[in-house]
Amino acid sequence: MDNLKYLRFSEINLSDPFFDSLRHDYEEFPAWFLRKADEKAYILFSEKDGGIQGFMYLKTEPRADDVDPPIDGTALKIGTFKFNPQKTLRGHRFLKKALDVAIHRQVRYVYLTVFSKQEALIKLFETYGFVRWGEKHTANGVERVYVRDLQQHNTDPLTDYPFVCPQDAGIYLLAIQPQYHTRLFPEAILQNEPLDIVKDVSHSNSIQKIYLSAAPNAPQLKKGDLLVMYRTGDGQGAAAYRSVASAVCTVLEVKNINSFNNEEEYLAYCERFSVFSKKELCSFYAQKRYPHIIRFVFNFAFPKRPIRKDLIERAGLSDNDRWVLKPLTGSQFDCILKLGQANESFIVNQT
């Protein structure tokens, strides 16, 4: 099963060595932990030995008065956030969960406090729109406060993540084969797919994704364009019912495989974010079979997956077209959002 769990504090082993650094940085941590016995936190467990690899506690506050300056508005506080880095982008996985929770709870701000020594963590949050707000003074020292205002949008796919802005954007349906789709989008798997395929690996955890494509119109994609991910049929039934729209993503850039000086440079760009193995990527580089490398952010999955039949009959897509990287109209996109029961809070300036 997926190793990210949502558990009560009373179900979590406080003596796990994972918590040693938190005990060191925060003298009151053990007592605080025990007081939270009936509350819940997100826990990432090791698939090998069951040890704790990540921990995140979220708390909704009407106003944050204990930081300077105060945060005047409903905020989601990332109260405790730690993970053991394993080059699998675990931090992305937790950050995505925190932002999804913030949108669900309809708060304006998300914030966290960190010591300046936590440089990698600060860089991660700054990448996705958090800015330095002020400080928090405690008996443990001075912490920096980083805040994300969810009502401010900069028309940048990273700092605006997970929101999407359809205005002035091209919108496309991108077809992905089932074996790659499931690995790229663990939150968008079908209910009849096994959950143990969701692994603690970089391409599953990451907010950013890489996909190699042979679609001839891929070079026309530009930063900010939207992709509706389309899981093609798996051969276990009619495509009209087995092929589905599953998620919405935003393009960051498209590179040509020939733009890299060598294979090493190509692998450095692709490997962490791609569902393809190193062996597969090397083969693609040698053969140039999939020349277009699309980098994008995974914004959200549809709660309900619109099937191909509905995409044709209700959204107006043509059954005669080849759905590889198919342009969509604004009205078709709006219809797909409704069919997928998408949370409207993710959509900015929708027309």
Side-chain angles (χ1 to χ4, degrees), residues 92 96 99-100 103 127-129 150 152-176 180-181 184-188 203 206-213 215-232 243-255 273-275 292-308 310-312 314-318 321-351:
H92 288 231
K96 175 171 176 53
L99 290 172
D100 286 348
I103 291 173
T127 298
Y128 293 99
L150 298 181
Q152 287 189 357
H153 306 289
N154 306 305
T155 66
D156 180 271
L158 290 179
T159 58
D160 281 350
Y161 173 84
F163 301 101
V164 300
C165 182
Q167 283 190 339
D168 302 322
I171 308 173
Y172 300 82
L173 191 77
L174 177 62
I176 298 182
Y180 301 131
H181 177 278
L184 258 180
F185 307 111
E187 294 188 25
H203 61 255
S206 179
I207 291 169
Q208 298 183 44
K209 312 283 186 179
I210 287 285
Y211 193 70
L212 278 70
S213 173
N217 57 334
Q220 75 184 41
L221 293 173
K222 63 183 185 300
K223 184 176 181 179
D225 283 349
L226 303 183
L227 302 173
V228 175
M229 296 301 168
Y230 175 67
R231 178 191 181 275
T232 61
S243 300
V244 298
S246 61
V248 174
C249 303
T250 306
V251 174
L252 292 172
E253 66 177 352
V254 179
K255 295 178 75 72
F273 302 120
S274 172
V275 297
H292 311 302
I293 303 170
I294 307 171
R295 184 164 68 96
F296 55 90
V297 293
F298 170 40
N299 296 93
F300 60 88
F302 290 128
K304 182 179 180 180
R305 316 313 190 233
I307 60 175
R308 180 183 177 92
D310 286 338
L311 296 176
I312 294 169
R314 301 176 66 181
L317 278 66
S318 173
D321 293 342
R322 188 162 180 257
W323 298 6
V324 178
L325 183 59
K326 176 180 173 55
L328 298 175
T329 66
S331 60
Q332 288 173 332
F333 179 63
D334 290 344
C335 184
I336 293 171
L337 292 177
K338 290 182 174 64
L339 290 172
Q341 299 179 0
N343 183 342
E344 294 181 0
S345 299
F346 284 100
I347 314 300
V348 177
N349 295 326
Q350 185 178 355
T351 57

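Since the model is a prediction, treat every value here as computed from it, not as a measurement. Sequential numbering from 1 along the given sequence is applied to the chain's residues.
Rounding to the nearest 0.5 Å places CD of Q152 at 10.5 Å from OG1 of T159. Rounding to the nearest 0.5 angstrom, the gap separating the CD atom in Q332 from the CG atom in L339 is 11.5 Å. Separation of atoms CZ (F333) and CG (L173) is listed at 11.0 Å; rounding is to 0.5 Å. The CG atom of L252 lies 7.5 Å from the OG1 atom of T250; values are rounded to the nearest 0.5 Å. I294 contributes atom CD1, which lies 13.5 Å from atom NZ of K255 (distance to the nearest 0.5 angstrom). Between atom CG of residue L226 and atom SG of residue C249 there is a gap of 9.5 Å, rounded to the nearest 0.5 Å.
A 4.5 Å side-chain heavy-atom check between Y172 and Q220 finds at least one atom pair inside the cut-off. By the 4.5 Å heavy-atom criterion applied to side chains, S246 and H181 are counted as neighbours. Within the 4.5 Å cutoff, no side-chain heavy atoms of Y230 are placed close to those of K326. The closest side-chain heavy-atom distance from L212 to Y180 is not below 4.5 Å. Between Y161 and N299 the shortest side-chain heavy-atom distance falls below 4.5 Å. Residues L337 and F346 have side chains not in contact (no heavy-atom distance under 4.5 Å, counting atoms from C-beta outward). Counting heavy atoms from C-beta outward, D160 and V348 have side chains that stay 4.5 Å or more apart. Considering only heavy atoms from C-beta on, L221 comes within 4.5 Å of L325 through its side chain.
Judged purely by atom type and a 3.5 angstrom limit, D310 has no side-chain atom pairing as donor or acceptor with the backbone of I307.
When all heavy atoms of A169 and G224 are compared, the closest pair comes out as CB-O, 3.4 Å. Heavy atoms only, all atoms of each residue included: V297 and P157 are closest at CG2-O, 4.0 Å. Annotation for P303 and G340: closest pair CD-O, 3.0 Å, computed over non-hydrogen atoms. Closest non-hydrogen pair, P216 versus P219, comes out as O-CD, 3.4 Å. Scanning both residues, A247 and F302, for their nearest heavy atoms gives N-CD1, 3.6 Å.
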**OP:** Applying side chain to side chain contact (heavy atoms under 4.5 Å, CB included), run through L311 and W323 and close with a yes or a no.
**Re:** CA-CA 11 Å; L311 296 176; W323 298 6; 3.9 Å; yes
**OP:** Would you check, one step at a time, whether the test side chain to side chain contact (heavy atoms under 4.5 Å, CB included) holds for Y211 with M229?
**Re:** CA-CA 11 Å; Y211 193 70; M229 296 301 168; over 6 Å; no
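The number of heavy-atom neighbours closer than 6.0 Å to CG of D168, taken from other residues, nucleotides and ligands shown, is 12 or below. For K222, the NZ atom is densely surrounded, since the number of other residues' heavy atoms within 6.0 Å is greater than 12.
A side chain to side chain contact (heavy atoms under 4.5 Å, CB included) with I171 is found for exactly one of L328, V248, L227, namely L328.
We find that K96 and D100 are joined by a salt bridge, their nearest charged nitrogen and carboxylate oxygen being less than 4.0 Å apart.
Classification of the H92-Y128 ring pair by plane angle, with boundaries at 30° and 60°, yields perpendicular.
Residues passing the salt bridge (charged side-chain N to carboxylate O under 4.0 Å, His left out) test with K223, sequence neighbours excluded: D156. Residues meeting the side-chain contact (heavy atoms from CB on, under 4.5 Å) test with S345, sequence neighbours left out: I103, N343.
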